[in-house]
Protein chains: 2
Amino acid sequence: MTTPDRSTRDRLLNAFEALLVQQGPRAATLEAVAAEAGVSKGGLLYHFASKDDLVDGTLERLLTLAHQDAEAMRTSSSGPVQYYLETSVSTGSDLDRALVAAARLAQDNTERVSAALAQVREAWLEVLRAELGDESLARTIQLIGDGLYFNDVSGMPDPDALEHVQQVLGRLGR
Amino acid sequence: MTTPDRSTRDRLLNAFEALLVQQGPRAATLEAVAAEAGVSKGGLLYHFASKDDLVDGTLERLLTLAHQDAEAMRTSSSGPVQYYLETSVSTGSDLDRALVAAARLAQDNTERVSAALAQVREAWLEVLRAELGDESLARTIQLIGDGLYFNDVSGMPDPDALEHVQQVLGRLGR
DNA sequence: TCTACTGTACCGGCTGGACGGTACAGCGTG
DNA sequence: CACGCTGTACCGTCCAGCCGGTACAGTAGA
């Protein structure tokens, strides 16, 4: 389920994300990333000229994954809403990891990173809108997804949360 | 509306939060905090022996504010749910600032900070549960609040979000 | 009331360590 | 032997924490 380590470059991006997710932005130093990827610091800097460059590479991959996800959402057999809520709780997918990593980065690199995150959100909202034809409901469902996601990011995952939400949404159904 | 600068200690805590909120955790260095509060670094370290100590002071104040807020929620004239949702979008209150500051801190100081945030969430949920007598709805509303809050923290506030949520909740009302 | 002493609040320079980034000397493979 | 890539030594910067010192208010004793 994880991106295969095709190249040293991929290994470096995976290592960067892993460190961001598991230990936070402070721990994701160039040396730590290189070590995690099994490469020297010089080796890392050969592939990414600077830390900013590493961030750019991460965001680029995030956007690619997010657009694939929006497409998967559209064509999901259980419907976009169900798909969206289910995948808002951390599934351990590549996209999850990329999102959490980006959220961590957003604390420092405000501009670029939060722009990328906003882009991802907009892609999802677009699909919800198209499916529901109801702006208020689409927004509310996105907020619930944000909430689920926020709890995961904050290290307070709640396995029952999804059930409760589905129970409440069921009452709206009719 | 902001905590008065009664003492140098208060000024330091306010300065720390302000820097965390406005410029992120990297910018909130001891020197920067001291400068913002109008004291020297030595002066800061007189009041808070270490940066960890500064974090502890911030969390302590957060918990105090949060318990006051839970009480205000219980006794709000418009009801706890309305109060909770309204104050989930950033109102610029002391509690807001303390929460955003804590969220920023949670990126690095995983343990203590997220424990404090979990405590705050639990206090709110308790009030929602007591009011609604409906676990699923209480949880869902808290998730929506989390979503509203998350968007603010991420620098993507949406002034219309609250209206949409109220519109949807209205449909549940009957 | 003058003096000696104490505790509180604060200052600013220093140090050791970590981090981002650079330079350069290898090393294997085609 | 040339090129793609790796590893290491090093530099400048920044930061947390420490420390010697200052100012001053209060107090107690003669």
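Numbered from 1 within each chain, the chains take letters A, B, ... in sequence-line order.
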inquiry  = Just the rounded figure in Å: distance from C1' of D:dA16 to NZ of B:Lys51.
reply    = 8 Å
key: Length of the line joining B:Phe48:CZ and D:dC18:C1', which is rounded to integer Å   = 18 Å
ask   = Under the 3.5 angstrom rule, does the side chain of A:Arg104 hit a backbone N or O of A:Leu20 as a donor-acceptor pair?
value = yes
inquiry  = In whole Å, I'd like the distance from the CG atom of A:Leu30 to the P atom of D:dC14.
reply    = 17 Å
ask   = So which of residues 20-27 of chain A are in contact with DNA chain D, with a heavy-atom cut-off of under 4.0 Å?
value = none
note = side-chain contact (heavy atoms from CB on, under 4.5 Å) test vs A:His47 passes for just one of A:Val39, A:Asp53, A:Leu12, A:Asp10, namely A:Leu12
message = Donor-acceptor pair, distance only, cut-off 3.5 Å: does the side chain of B:Glu131 make one with the backbone of B:Val81?
response = no
request  = Say whether, by atom type as modelled, one donor and one acceptor occur between the side chain of A:Ser88 and the main chain of A:Tyr84 under 3.5 angstrom.
outcome  = yes
key: Trace of the salt bridge (charged side-chain N to carboxylate O under 4.0 Å, His left out) decision for A:Asp94 with A:Arg61   = CA-CA 10 Å; A:Asp94 282 357; A:Arg61 213 170 63 168; over 6 Å; no
key: Approximate separation, where rounding is to 0.5 Å, of B:His164 NE2 and A:Ile141 CD1   = 13.0 Å
key: Donor-acceptor contact present, side-chain B:Tyr149 to main-chain B:Leu99, <3.5 Å   = yes
request  = Verify salt bridge (charged side-chain N to carboxylate O under 4.0 Å, His left out) between A:Asp134 and B:Arg171, making sure each step is shown before the conclusion.
outcome  = CA-CA 13 Å; A:Asp134 179 333; B:Arg171 299 183 213 169; 3.0 Å; yes
ask   = Which nucleotides of nucleotides 9-17 of chain C have their base under 4.0 Å from a protein heavy atom (B), which only their sugar-phosphate (S), and which neither (-), written as one string 5' to 3'?
value = BBBB-----
ask   = Is A:Thr58 reaching over with its side chain to a backbone N or O of A:Leu54, donor-acceptor style, under 3.5 angstrom?
value = yes
query = Do the side-chain N and O atoms of B:Tyr83 and B:Asp69 include a donor-acceptor pair separated by under 3.5 angstrom?
reply = yes
remark   = the helix from C:dT1-D:dA30 to C:dG30-D:dC1: angle between terminal helix axes, five bp per end, to the nearest 10 degrees, reads 20°
